[in-house]
Every structure is written in C-alpha cells, then in structure tokens.
Amino acid sequence: PLISRMAERRAYLFDVFQNIDRVLSPSWFLIKKMDQYGFDAERIIHLPFGLSQNIAKVNRLRERDTAMPLRIGYLGQIALHKGVHLLVKAFRRLSDAPDGRRLVLHGRLPEGTPYSKRLRRMAGGDEAITFAGPYPNERVGQVLSELDVVVVPSIWYENRPTVIIEAFAHGVPVVAARLGGMAELIDDGRNGLLFDPGDADSLRAQLQRLLDEPDLLARLRRGIPPVPTPEEEMLTLVSLYEDLL
C-alpha cells in the first residue's frame, strides 16, 4: 500500500507541475533530479534562499592555535540518515592526543532509542565528545563561534542544508559528504572538504588533515564565499513575477 500511495503522489505532482509556469529550486542538484524523473527542467529556476545578515560573517581568518583543541561540531537532527554515527566513528579514530580535539554534537538526542544507545556506545564515555542537546535558533551565532569546523555527514540526499549556509555566514568551514546538494556548496579544498558518502575512514582522513596541516583551516576560511541575503533573493523573485505578468 505504501508503494502504491507513493506512486499516486508522484503522478499527482507530475500533473500539477504541468500547469505551473515557473518552479523554484534552491539547488542545481534538485533541478538535475527533476530532469532525470521526466519534469521539464527548462521551467525550473535556480534560486538559492537568502540568509539574514544579522548573523553576518565573522572575521575568523586567524590560523588555528595548535596549542588549543580542534573544535569539531555537528548541528541538526540526530538520526541515522544524518550520518552522526559516521562522525563519532571517524572522530574516535583520529591520530592525535585526546586533549587536541573536541567533538560537540548539537541536537536533540532521543534517549532510549536504538540509535541513541548506539551513539552512546560508540562514544564510549570519551570526555572529548559532548552531546550538547538542542539550541534555540537565535543562538546559532554563539554556537558557531565556539567551533572551528562543522561536519555534515548525511548519508541521504540533502538539498541545500541551512547549516552549511549558516556556517559560511559565520566564517566556519564545512566538511561534508560528497553527495547531493552538499557537494555543490563545498569547493573541496577551498571553503571546506568533501569525503566519500557513508565512509567513516574517508571522513577521518579529512578531519586528520585539519590536525596535521596547521594552515589549512585559515585557508579554508579565506575561501568561504559571500552568503546571499534575503533582499537579494527577493529582488530575483520579484523580477520573475514581473516576467510572468
């Protein structure tokens, strides 16, 4: 029954799509997928969403003080498809003194579930790993200011993850899976690093570089592009309405 309902939903959306003049997509990845599934990609407009500049990019272009721990963070839903287990596994395999690195996991951990038990078991009581819990959105700037790098280890397709845009707005490089909309936001080696999806060893290797190459973090910060503002997004949107009218 579930497969049947999914097929009905797809057929319904395909019919609806035929009567729409323009469709907006925040990523090129989604446009490509729509094209693969038979939708008319010529009517899809790439329009990345803007981010309020009241959380404007912070000047964090200093080189990392190697005497301080490397602060690695995860922000978002803690669930299997988000690949948090890959991050914990990769972190625990890093070759460095335990006091040379920290991992902070921000997000609600549903206690008592098989996945939360799995993560706790993988963490093994490591004092360098903190389950920090959720945070209100207005605190995202403070959370990011306490991190050197953000990791997005999803094992499913992401479209245009807000966490990557927020990190960039605060001058924080991102390590992400080479998958979906994540990969198109990361210029590997310039504003962040990419690893093979679902591969903890590949993720570990990229995180290890941040420990072994003292100037890498500062170089990645300098490569972070400007983040579009809501005003810029709205100007494009208004022009699309004018063209249609």
Side-chain angles (χ1 to χ4, degrees), residues 27 29 63-64 66 68-107 109-110 113-132 144 146-161 163-164 167-168 172-221 223-224:
S27 72
F29 162 75
E63 290 189 6
R64 184 175 79 87
T66 53
M68 300 293 291
L70 175 69
R71 302 169 299 175
I72 303 167
Y74 172 86
L75 289 72
Q77 182 184 9
I78 297 182
L80 177 65
H81 63 279
K82 293 293 187 176
V84 185
H85 56 287
L86 295 173
L87 175 54
V88 174
K89 186 176 183 179
F91 179 81
R92 298 211 68 195
R93 291 182 176 181
L94 290 173
S95 301
D96 193 60
D99 59 354
R101 48 185 166 78
R102 295 285 184 273
L103 174 60
V104 185
L105 303 171
H106 290 277
L109 183 67
T113 64
Y115 191 64
S116 67
K117 292 177 181 178
R118 177 184 177 185
L119 290 179
R120 293 284 191 191
R121 186 168 60 250
M122 291 178 68
D126 190 337
E127 294 183 356
I129 301 176
T130 301
F131 291 91
L144 287 166
E146 296 170 354
L147 299 173
D148 295 308
V149 63
V150 166
V151 179
V152 184
S154 293
I155 58 176
W156 77 338
Y157 291 137
E158 298 280 0
N159 192 2
R160 180 180 168 86
V163 64
I164 294 182
F168 283 174
V172 181
V174 175
V175 177
R178 189 181 285 101
L179 187 68
M182 296 175 285
E184 75 179 54
L185 291 171
I186 307 298
D187 186 353
D188 194 19
R190 183 173 182 184
N191 59 18
L193 300 172
L194 293 173
F195 69 94
D196 298 332
D199 189 335
D201 285 333
S202 178
L203 173 54
R204 182 209 61 79
Q206 295 294 49
L207 294 177
Q208 190 68 49
R209 291 182 60 193
L210 297 173
L211 291 167
D212 296 342
E213 304 174 35
D215 63 337
L216 178 57
L217 208 55
R219 194 165 73 243
L220 295 177
R221 289 189 188 109
I224 293 175

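- Under the side chain to side chain donor-acceptor pair (under 3.5 Å) criterion, Ser202 pairs with no residue, sequence neighbours left out.
- Atom-to-atom distance recorded for Tyr115:OH and Met122:CE is 7.5 Å, nearest 0.5 angstrom.
- A search for side-chain contact (heavy atoms from CB on, under 4.5 Å) contacts involving Arg190 returns Asp187, not counting sequence neighbours.
- Residues that satisfy the salt bridge (Lys or Arg N to Asp or Glu O under 4.0 Å) test with Asp199, not counting sequence neighbours, are absent from this structure.
- Leu144 CG to His106 NE2: the interatomic distance, rounded to the nearest 0.5 Å, is 8.0 Å.
- For the side chain to side chain donor-acceptor pair (under 3.5 Å) test, no residue two or more places apart in sequence or in another chain qualifies with Arg118.
- Residues satisfying the salt bridge (Lys or Arg N to Asp or Glu O under 4.0 Å) test with Lys89, not counting sequence neighbours, are none.
- Contacts of Arg204 classified as salt bridge (Lys or Arg N to Asp or Glu O under 4.0 Å), with partners at least two apart in sequence or in another chain: none.
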Check against side-chain contact (heavy atoms from CB on, under 4.5 Å), Ile186 and Ile164: CA-CA 9 Å; Ile186 307 298; Ile164 294 182; 4.3 Å; yes
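- Leu75 and Leu147 get closest at one heavy-atom pair: CD1-CD1, 3.7 Å.
- Under the 4.0 Å criterion applied to side-chain N and carboxylate O atoms, Glu158 and Lys82 are assigned as salt-bridge partners.
- Every side-chain contact (heavy atoms from CB on, under 4.5 Å) that Glu213 has, sequence neighbours left out, goes to Arg209, Asp215, Leu216, Arg219.
- Between the side chain of Tyr74 and the backbone N or O of Pro153 there is no donor-acceptor pair closer than 3.5 Å.
- Contact check for Leu217 versus Pro173: side-chain heavy atoms found under the 4.5 Å cut-off.
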Return a table of donor-acceptor pairs under 3.5 angstrom between the side chains of residues 174-185 and protein atoms on other chains or two or more places apart.
residue: Arg178; atom: NH1; partner: Asp196; partner atom: OD1; Å: 2.9
residue: Glu184; atom: OE1; partner: Trp28; partner atom: N; Å: 3.3
residue: Glu184; atom: OE1; partner: Phe29; partner atom: N; Å: 2.8
residue: Glu184; atom: OE2; partner: Trp28; partner atom: N; Å: 3.0

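- The shortest distance between side-chain heavy atoms of Leu87 and Leu207 falls below 4.5 Å.
- You'll find the side chain of Arg101 stays beyond 4.5 Å of the side chain of Pro69, heavy atoms only.
- Between Ile72 and Leu94 there is a side-chain heavy-atom pair separated by less than 4.5 Å.
- By the side chain to side chain donor-acceptor pair (under 3.5 Å) test, Asn159 is found to be paired with Ser27, residues two or more places apart in sequence or in another chain being considered.
- Interatomic distance, Asp126 CG to Phe91 CZ, rounded to the nearest 0.5 Å: 6.0 Å.
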Candidate pair Val151 and Leu103, rule side-chain contact (heavy atoms from CB on, under 4.5 Å), full reasoning: CA-CA 10 Å; Val151 179; Leu103 174 60; over 6 Å; no
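- Applying the side-chain contact (heavy atoms from CB on, under 4.5 Å) rule to Ala205 yields no partners; only residues at least two apart in sequence or on another chain are considered.
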Criterion side-chain contact (heavy atoms from CB on, under 4.5 Å) on Arg93 and Asp201, from CA distance to verdict: CA-CA 8 Å; Arg93 291 182 176 181; Asp201 285 333; 2.5 Å; yes
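- Between the side chain of Arg92 and the backbone N or O of Ala123, at least one donor-acceptor pair lies under 3.5 Å.
- Nearest approach of Gln208 to Ser95, heavy atoms of both residues: OE1-N, 2.8 Å.
- For the pair Leu105/Thr130, no side-chain contact is recorded, criterion being any heavy-atom separation below 4.5 Å from C-beta on.
- Listed for the Gln77 side chain is no donor-acceptor partner under 3.5 Å among the backbone atoms of Gly107.
- Here the NE2-CG distance, from His85 to Leu80, works out to 5.5 Å after rounding to the nearest 0.5 Å.
- Asp148 places a side-chain N or O within 3.5 Å of a backbone atom of Arg71 that can act as its donor or acceptor partner.
- For Arg120, the side-chain contact (heavy atoms from CB on, under 4.5 Å) partners two or more places apart in sequence, or in a different chain, are Leu109, Glu111, Phe131.
- Two residues are said to be in side-chain contact when any heavy atoms from C-beta on lie closer than 4.5 Å; Leu70 and Leu211 meet this criterion.
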